[in-house]
**Q** 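Here's a structure for you.
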Amino acid sequence: MELVAEFFAVKNYALAETLQSGQAFRWKPSGAGWESVLQKRWVYLEQTPEGFEARTTHPPEDWDWLRNYLQLGVDIDAVIASFPDDPHMKAAVEACRGLRLLRQDPWECLASFILSSTKQIVQIQQIIRLLCARYGSPLDPSAVHPHDAAFPTAAQIAGATEDGLRGCKMGFRAPYLLATARRVADGAVDLEALRGMTMEEAEARLLELPGVGEKIAQCVLLFAYDFPRAFPVDVWVRRAVVELYFPRRRPSPARLRRFIATHFGPHAGYAQQYLFHYMRTQTARRGPRG
DNA sequence: CACCAGGGTACCT
DNA sequence: AGGTACCATGGT
């Protein structure tokens, strides 16, 4: 078994924060870096002063799959420069300059966020670990960690039972994941077709799926597709926007939606991720109410 | 023990 | 359109 290594030069890429920022759930610390499984490949990443080093099995013809996943072509300074010029966004950027958005596989992203509802990130990671081990295809036995498995396909989950999925600790989310997996597996929904749609069309398709509401739809649009204005609003982001921008009187849901849709600019999704990270690290272990 | 977690759904006004 | 109970599970 042979490992292949490659160096990537990149500035302002906060690798650790990005991989643990609640977008993707399969990265775990390993040595001086991080490891995960992308598609059918085991991957290791380690930050260096000039960028980072990547290692993988199965010599790839090229590294485009990793460049795309890590979004190395994004000019993060231009993205940050597009944020609204207000003290709250400045503080969020200062808290972690270099936080990035990943570009994930649509099915893995969709399934992962169906499992995310009212769960803490560590628990989502645990559920997905069980799901992959029990339903995903094992990687090549010559891999670095022969027990690692790919994220299960929609067809693999569609072939499971609700009780079997509940055995992965996902509770009431099991019937949602099962029903959505069946719709994807039988072709009732084509996740690839969403790439050519407007954000509104793509969101409408996602909202048809069981267990997918506005928040999860926005997560998939932002983390798996190319919709930079998608803006997932979870409890942390809602708290951030309300406390920072509406300190006196809490806004009506309609007012809040209108503000979010207009205030954060063409890269609103990045702004959201900075606010999420800022809020979560500032108030870590201090309790939700601060 | 009470409360919370990258929510969605059914059902109420 | 806006509000609420309920849905499992594990952590604090």
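Numbered from 1 within each chain, the chains take letters A, B, ... in sequence-line order.
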**Q** Starting at CG of A/Leu101 and ending at C1' of B/dG6, how long is that distance when rounded to a whole Å?
**A** 13 Å

**Q** When all nucleic acid strands are considered with a 4.0 Å heavy-atom cut-off, which category describes A/Pro253: base, sugar-phosphate, or nothing?
**A** sugar-phosphate

**Q** Please report the distance, rounded to the nearest Å, between CD1 in A/Ile216 and P in B/dG8.
**A** 4 Å

**Q** Give me the one residue out of A/His145, A/Glu46, A/Glu35 that meets side chain to side chain donor-acceptor pair (under 3.5 Å) with A/Ser30.
**A** A/Glu35

**Q** Please verify the inter-ring angle class for A/Tyr176 with A/Phe172; under 30° counts as parallel, over 60° as perpendicular, anything in between as tilted.
**A** perpendicular

**Q** Can you hop from A/Phe231 to A/Val93 via hydrophobic side chains spaced under 4.5 Å?
**A** yes

**Q** Pick the P atom in B/dG6 and in C/dC6, then give their distance to the nearest Å.
**A** 23 Å

**Q** Can you say whether a donor on the side chain of A/Gln218 sits under 3.5 Å from an acceptor on the base of B/dG7, or the other way round?
**A** no

**Q** Of A/Val237 and A/Leu209, whose closest DNA chain B nucleotide lies nearer the 5' terminus?
**A** A/Val237

**Q** Would you mind classifying the nucleic acid contact of A/Phe25 as base, sugar-phosphate or nothing, using non-hydrogen atoms under 4.0 angstrom?
**A** nothing

**Q** Tell me which residues in residues 160-168 of chain A put a heavy atom below 4.0 Å from DNA chain B, sorted by number, or none.
**A** none

**Q** Counting the atoms with a prime plus P, OP1 and OP2 as sugar-phosphate, which does A/Gln125 contact under 4.0 Å by heavy atoms, base, sugar-phosphate, or nothing?
**A** nothing

**Q** Grab the NZ-P distance between A/Lys215 and B/dG8 for me, whole Å please.
**A** 7 Å

**Q** How long is the line joining CD of A/Gln104 and C1' of B/dG6, in whole Å?
**A** 12 Å

**Q** Short question: side chain of A/Arg250, backbone of A/Val242 - any donor-acceptor pair under 3.5 Å?
**A** no

**Q** Rounding to the closest angstrom, what is the interatomic distance between B/dC3 and C/dT4 at atom P?
**A** 15 Å

**Q** Measure from the side-chain heavy atoms of A/Phe172 and tell me the nearest of C/dA8, B/dA5, B/dG6.
**A** C/dA8

**Q** Test side chain to side chain contact (heavy atoms under 4.5 Å, CB included) on A/Val79 and A/Tyr274 and set out the steps.
**A** CA-CA 11 Å; A/Val79 169; A/Tyr274 275 85; 5.8 Å; no

**Q** Looking only at the side chain of A/Gln123 (C-beta and beyond, no hydrogens), which of the listed nucleotides B/dG6, B/dA5, C/dA8 gets closest?
**A** B/dA5

**Q** Given Watson-Crick or G-U pairs with both distances under 3.5 Å, what dot-bracket string fits DNA chain C, with | for other-strand pairs and [ ] for crossing?
**A** |||||||.||||

**Q** Are OP1 or OP2 of B/dT9 and a side-chain N or O of A/Arg173 less than 4.0 angstrom apart?
**A** no

**Q** Quick one: A/Lys119 NZ to B/dG7 C1', roughly how many Å, whole number?
**A** 12 Å

**Q** Could you state the atom-to-atom distance from CZ of A/Arg280 to C1' of B/dG6 in whole Å?
**A** 8 Å

**Q** Classify the nucleic acid contact of A/Ser116 as base, sugar-phosphate or nothing, counting any heavy atom under 4.0 Å across all strands shown.
**A** sugar-phosphate

**Q** Any Lys/Arg nitrogen of A/Arg103 or A/Asp226 sitting under 4.0 Å from an Asp/Glu carboxylate oxygen of the other?
**A** yes

**Q** Classify the nucleic acid contact of A/Gly22 as base, sugar-phosphate or nothing, counting any heavy atom under 4.0 Å across all strands shown.
**A** base

**Q** In the structure I gave you, are the side-chain heavy atoms of A/Val220 and A/Leu191 within less than 4.5 Å of one another anywhere?
**A** no

**Q** Salt bridge check: are A/Arg166 and A/Glu162 linked by an N-O gap of less than 4.0 Å?
**A** yes

**Q** Does A/Leu207 or A/Val122 map to a spot on DNA chain B nearer the 5' end, using the closest nucleotide for each?
**A** A/Val122

**Q** If two hydrophobic side chains count as joined below 4.5 Å and joins carry through other members, does A/Tyr245 share a cluster with A/Val233?
**A** yes

**Q** Residues from residues 175-187 of chain A sitting under 4.0 Å of DNA chain B, heavy atoms only?
**A** A/Tyr176

**Q** Is there aromatic stacking of A/Phe276 against B/dG6, centre distance under 5.5 Å, plane angle under 30°?
**A** yes

**Q** Choose from B/dA5, C/dT9, C/dG2 the nucleotide whose nearest atom is closest to any side-chain atom of A/Lys169.
**A** C/dT9

**Q** For a side chain to side chain contact (heavy atoms under 4.5 Å, CB included) check, start with the C-alpha distance between A/Gln272 and A/Gln218, then their side-chain angles and the critical distance, and finish with the verdict.
**A** CA-CA 11 Å; A/Gln272 172 275 154; A/Gln218 294 294 315; over 6 Å; no

**Q** Select one nucleotide: of B/dA5, C/dA8, B/dG6, the one nearest the side-chain heavy atoms of A/Val235.
**A** B/dA5

**Q** Does one side chain, of A/Gln20 or A/Trp27, offer a donor that lies under 3.5 Å from an acceptor on the other?
**A** no

**Q** According to the interplanar angle, ranging from 0 to 90°, do the rings of A/Tyr225 and A/Phe227 count as parallel (below 30°), tilted (30 to 60°) or perpendicular (above 60°)?
**A** tilted

**Q** Rounded off to whole Å, could you give me the CD-to-C1' distance for the A/Glu208 and B/dT9 pair?
**A** 16 Å

**Q** May I ask you to decide if the ring planes of A/Phe52 and A/Tyr13 are parallel, tilted or perpendicular, using 30° and 60° as cut-offs?
**A** perpendicular

**Q** Whether the side chain of A/Gln126 and the base of C/dG11 hold a donor-acceptor pair under 3.5 Å is what I'd like checked.
**A** no

**Q** Examine C/dG2: is either OP1 or OP2 under 4.0 Å from a nitrogen or oxygen in the side chain of A/Arg250? Give yes or no.
**A** no

